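This is a predicted model, so every value here is computed, not measured. Proteins come first, then strands; the chains are lettered A, B, ... in the order of their sequence lines, and each starts at number 1.
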Protein chains: 2
Amino acid sequence: MVENFSEWFHDILEQANITDSRYPIKGMAIWMPYGFKIRKYMLERIKELLDKDHEEVLFPLLVPESELAKEGEHVKGFEEEVYWVTKGGKNDLNEKLALRPTSETAIYPMYALWIRSHIDLPIKYYQVVNTFRYETKHTRPLIRVREITTFKEAHTAHATKGESDEQIQDFIEIYKEFLDSFGIPYMISKRPSWDTFPGADYTMAFDTIMPDGKTLQIGTIHNLGQTFAKTFDITFEDKDGEHKYIYQTCAGLSDRVVASIIGIHGDEKGLRLPPLVSPNQVTIIPILFKKGKEEVMAKCLEIKEDLENAGLRVNIDDRDIRPGKKFFDWELKGTPLKLEIGPRDLENNITIAMRRDEGEKIELTLDDNLVDNVKDLLDKSYENLKKSAWDFQKEHVKFTEDINEIAELIEAGNVVAFNWCGDDECGKEIEEKTGYDILGIHEDAEEGAKCILSGDDAKYLALIAKTY
Amino acid sequence: MVENFSEWFHDILEQANITDSRYPIKGMAIWMPYGFKIRKYMLERIKELLDKDHEEVLFPLLVPESELAKEGEHVKGFEEEVYWVTKGGKNDLNEKLALRPTSETAIYPMYALWIRSHIDLPIKYYQVVNTFRYETKHTRPLIRVREITTFKEAHTAHATKGESDEQIQDFIEIYKEFLDSFGIPYMISKRPSWDTFPGADYTMAFDTIMPDGKTLQIGTIHNLGQTFAKTFDITFEDKDGEHKYIYQTCAGLSDRVVASIIGIHGDEKGLRLPPLVSPNQVTIIPILFKKGKEEVMAKCLEIKEDLENAGLRVNIDDRDIRPGKKFFDWELKGTPLKLEIGPRDLENNITIAMRRDEGEKIELTLDDNLVDNVKDLLDKSYENLKKSAWDFQKEHVKFTEDINEIAELIEAGNVVAFNWCGDDECGKEIEEKTGYDILGIHEDAEEGAKCILSGDDAKYLALIAKTY
């Protein structure tokens, strides 16, 4: 984990060719080629998981003001941060159009048209789109932006409340599997009522701890109940001929997943990418002298082909610069495994492998087992990144029964777990007293536990943190 | 080819679950699950072709007014149709922000930052994004829309004019290969000066003839010369230490590629999809009776697995409805090959295959050759679609030397080729006299040919048509 996270994060994005923030609108950045590839492999993974049971669609970006305004609580939650299109060419539009801050009000009027009968249910759609927030807070690339370029939002419709609750569990499992793919640790909690998604019955959230101790919300799942169904009049005819409102859920992930992959696994030398999202999983570095140059390059190409045939992404860095600079570059870019081959290695029929995550050099024989050995090192690299990250999280969640200790623990870089009665007023007072945000209810309290503030019987173990 | 194309096209989009145009903003539609998959496979193909030599990036949607306005001719070409964001929350923005109509003015200020030396060149970037046009003409899904959801735009930068001209040829080859993948015929022409992209030196365009005889522009490639380089001050230090302006090209494809796949190959029964973009390449229809039901389903699953292992996309339609309805549905959805299996077929160890493109039934033996036989039928299906489409185009390009014949030929559903001197004034007069649009210069004129209007020596064979 890096010191001075904020500065490190800012620098690494530019140095590793992830994003460029010099675009002339604050909070909107460019995905550069290397970063774009990380984003692409991340997207392929979530699509792979969602496609098992959901269908991808694509809705328009713009939402008419009249639709956005229909659900009172929802619009209140977003109206301060909506970008509005008011002109087309030189004409004023008859109706203002919102750049979607999220797509409930774009999608649900169509659900009202599509859903007629119980046989139309469930609907499980998702889309990957850009969404917009007129952020007034300080922006930060991938973390707090005005254009979220990679919003993965799923929207489901069900006949019963039970099915909608099951869907919430399904999303939780999908998000776990998704984040596990990159070794990103998470804490799941039910957000307090005052931090529930505008219009939702309840919100489940995934948070992760960044190296500076602040938590980053990286995924949210909302049970919308029948709020939007009533607003947009989305009904179906049940088996018994009765017309009923549907139950809905929605769930979202953003660019922050990439921020967490970069931030949590990175070290002072640069990125340490989990193999699944690394643009190159293996980088081959030929050590070239005049003598034996062709033989070394031929062997590099042969190894590349073998590894690629096994489904790996491989590059050869044959730039005419010294090997030390190449090592430096690929450490910065976080390629999980480097293979170094010089003329003497070729004579000895070996290559020197170096994992990015722990840096030890080991010799691999250039035989039929090479592909398996390389895959094995990649697996170990992933497992090690994942374990280190989870260990860090475990070390940084501290339990206390003393409300006066909370601020101190958080300032030392921790998330704090505490017993809570679950009462709204009490919760808000805890936030006020400590100056931090309750993430939510993590699990049930132990038998006999007392609330950290009210002293009443505690229902829950809750989490409080300094949040992004 | 269908009669009454306009009505057919409107209906098929809804019936085949391609797009839904009932979204509450005119000219903005929803990609439905089946249509989204066609779009996805189309995108995979262009990315496969571009990724060989270009890198994918992603720029912000919004462009500050000051950047958009910098290149005078460019902004003049777009100002009537730009959507403007003027408000963030309840505040008026300090500067209006345009929804990109195209991304030159978003990308090139960054090129000015990124390009320093000749070693930074060439740059070959592309992105796939949504772009916006405030269309005042009648909108039509996938053809004339206000949100182009799938704009594939490439932007390259070069040290010399020669390299930029070569890049134009590269794009032409890529677009040919791309459109060939779906059997879409095309006519390539150099647009006349008055139809050149605003700010470009010259524009090369791909047009295809839709069943109603109107041409659809499906791809454009622009040599931008040094216009934008001078506007945005994009210079590099050459080997000789001199500072020079770069040369640029850009190229774009839109949702119209999907419109042409649907429109050109479709028939009265529905879609006829080329295998490469068909969500299902093979649809297996089990003919189920009480007796032998399990055996038939088991065989269907076995065939599905074999075909999938060979890389094909296969579905089994085991809905509890009569087979006739299933045939009807999959003909509508254009699945290239259907396999029908009933208990008697199983006894005879055969399946009845039916290609969507020509409808003949043939028996395939259920043996080790099945996968190869299926692939062979898919290839034939694609080749047949492609040949029919090219034949249609060849039949519908008519040459004339009589200007008075042009209107009649076009009204009969043709594109007209004619000899032209190449003079701008003359060209505009031809358009005025006939009431149609010159697509551009298709090739050089034959020796001794005379211009259809001026009677001067003709330089070019040009095309004129009724355009979308």
Side-chain angles (χ1 to χ4, degrees), chain A residues 19-20 22-25 27-37 39-40 54-64 66-67 78-91 93 95-97 99 106-107 109-110 113-114 125 127 129-130 132-136 146-147 149-150, chain B residues 19-20 22-25 27-37 39-40 54-64 66-67 78-91 93 95-97 99 106-107 109-110 113-114 125 127 129-130 132-136 146-147 149-150:
Chain A
T19 58
D20 192 320
R22 291 173 294 171
Y23 191 76
I25 302 177
M28 301 191 183
I30 296 136
W31 281 99
M32 301 299 288
Y34 196 76
F36 190 89
K37 288 200 184 86
R39 175 183 182 269
K40 178 173 86 169
H54 299 72
E55 292 182 294
E56 192 168 0
V57 294
L58 184 58
F59 276 75
L61 165 73
L62 300 175
V63 185
S66 53
E67 299 292 346
F78 288 104
E79 64 188 350
E80 296 293 337
E81 48 185 39
V82 170
Y83 281 104
W84 290 105
V85 176
T86 62
K87 292 175 89 70
K90 284 166 181 162
N91 306 319
L93 299 179
E95 181 177 18
K96 282 195 295 186
L97 303 173
L99 268 56
I107 296 175
M110 299 308 295
L113 295 175
W114 295 335
Y125 286 164
Q127 63 177 3
V129 295
N130 50 350
F132 293 82
R133 309 275 165 97
Y134 179 63
E135 280 288 349
T136 47
R146 288 177 158 190
E147 176 175 14
T149 60
T150 326
Chain B
T19 58
D20 193 319
R22 291 173 294 172
Y23 191 76
I25 302 176
M28 301 189 182
I30 297 137
W31 282 98
M32 300 298 288
Y34 196 77
F36 190 89
K37 288 200 185 89
R39 174 182 182 270
K40 179 173 84 170
H54 299 72
E55 293 182 294
E56 192 169 359
V57 295
L58 183 59
F59 276 75
L61 165 74
L62 300 175
V63 185
S66 53
E67 298 293 345
F78 287 104
E79 65 189 349
E80 295 294 335
E81 48 185 38
V82 170
Y83 280 104
W84 290 104
V85 175
T86 62
K87 291 174 89 71
K90 285 165 183 163
N91 306 320
L93 299 179
E95 181 178 18
K96 282 195 293 184
L97 304 172
L99 269 56
I107 295 176
M110 300 308 296
L113 295 176
W114 295 335
Y125 286 165
Q127 63 176 4
V129 295
N130 50 351
F132 293 81
R133 308 276 165 97
Y134 178 63
E135 281 289 348
T136 46
R146 288 177 159 191
E147 177 176 13
T149 59
T150 327

A.B. asks: Looking at A:K90, A:E81, A:R22, which one has more heavy-atom pairs under 4.5 Å with chain B than the rest?
C.D. replies: A:R22
A.B. asks: Verify side chain to side chain contact (heavy atoms under 4.5 Å, CB included) between A:E55 and B:K37, making sure each step is shown before the conclusion.
C.D. replies: CA-CA 9 Å; A:E55 292 182 294; B:K37 288 200 185 89; 4.2 Å; yes
A.B. asks: A side-chain contact here means heavy atoms from C-beta on lying under 4.5 Å apart; do A:L99 and B:L61 qualify?
C.D. replies: yes
A.B. asks: Can you say whether A:R133 sits under 4.5 Å from chain B via the side chain, the backbone, both, or neither, judging by heavy atoms?
C.D. replies: neither
A.B. asks: Between B:V63 and chain A, with a heavy-atom cut-off of 4.5 Å, which part of the residue counts as in contact: side chain, backbone, both or neither?
C.D. replies: both
A.B. asks: CD/A:Q127 to CH2/B:W31 distance, rounded to the nearest 0.5 angstrom?
C.D. replies: 14.0 Å
A.B. asks: Between B:E67 and chain A, which part of the residue has a heavy atom less than 4.5 Å away: side chain, backbone, both or neither?
C.D. replies: side chain
A.B. asks: Below 4.5 Å, heavy-atom pairs only: which of A:T136, A:I107, A:L113 has the largest tally toward chain B?
C.D. replies: A:L113
A.B. asks: Would you mind checking which part of B:P33 comes under 4.5 Å of any heavy atom in chain A, side chain (CB onward), backbone (N, CA, C, O), both or neither?
C.D. replies: both
A.B. asks: Taking the side chain as everything from C-beta on, heavy atoms only, tell me whether A:P64 gets closer than 4.5 Å to B:Y23.
C.D. replies: yes
A.B. asks: Hey, which of A:L58, A:D20, A:N91, A:V57 has the most heavy atom pairs under 4.5 Å with chain B?
C.D. replies: A:L58
A.B. asks: With respect to chain B, which residue among A:I25, A:T19, A:T149 yields the maximal number of heavy-atom pairs within a distance under 4.5 Å?
C.D. replies: A:I25
A.B. asks: Would you say A:L62 and B:M28 make side-chain contact, with heavy atoms under 4.5 Å?
C.D. replies: yes
A.B. asks: Go through the atoms of B:R146 and report whether side chain, backbone, both or neither lie under 4.5 Å from a heavy atom of chain A.
C.D. replies: neither
A.B. asks: Go through B:F78, B:Y34, B:W114 and name the one with the most non-hydrogen pairs under 4.5 angstrom from chain A.
C.D. replies: B:W114
A.B. asks: If you measure from OH on A:Y83 to CG on B:L97, what distance do you get to the nearest 0.5 Å?
C.D. replies: 6.5 Å
A.B. asks: Are the side chains of B:F132 and A:V85 in contact, using a 4.5 Å heavy-atom criterion?
C.D. replies: no
A.B. asks: Is there side-chain contact between B:N130 and A:V129, with heavy atoms separated by less than 4.5 Å?
C.D. replies: no
A.B. asks: Under a 4.5 Å heavy-atom cutoff, which of B:E56, B:M32, B:K40, B:E79 has the most pairs with chain A?
C.D. replies: B:E56
A.B. asks: Non-hydrogen atoms of chain A under 4.5 Å away: do they reach the side chain of B:A29, the backbone, both or neither?
C.D. replies: backbone
A.B. asks: Looking at CD1 of A:I30 and CE of B:M110, how far apart are the two atoms once the value is rounded to the nearest 0.5 Å?
C.D. replies: 3.5 Å
A.B. asks: Relative to chain B, which of A:G88, A:G89, A:P60 shows the most heavy atom pairs under 4.5 Å?
C.D. replies: A:P60
A.B. asks: Answer with side chain, backbone, both or neither: which region of B:Y125 has an atom nearer than 4.5 Å to a non-hydrogen atom of chain A?
C.D. replies: side chain
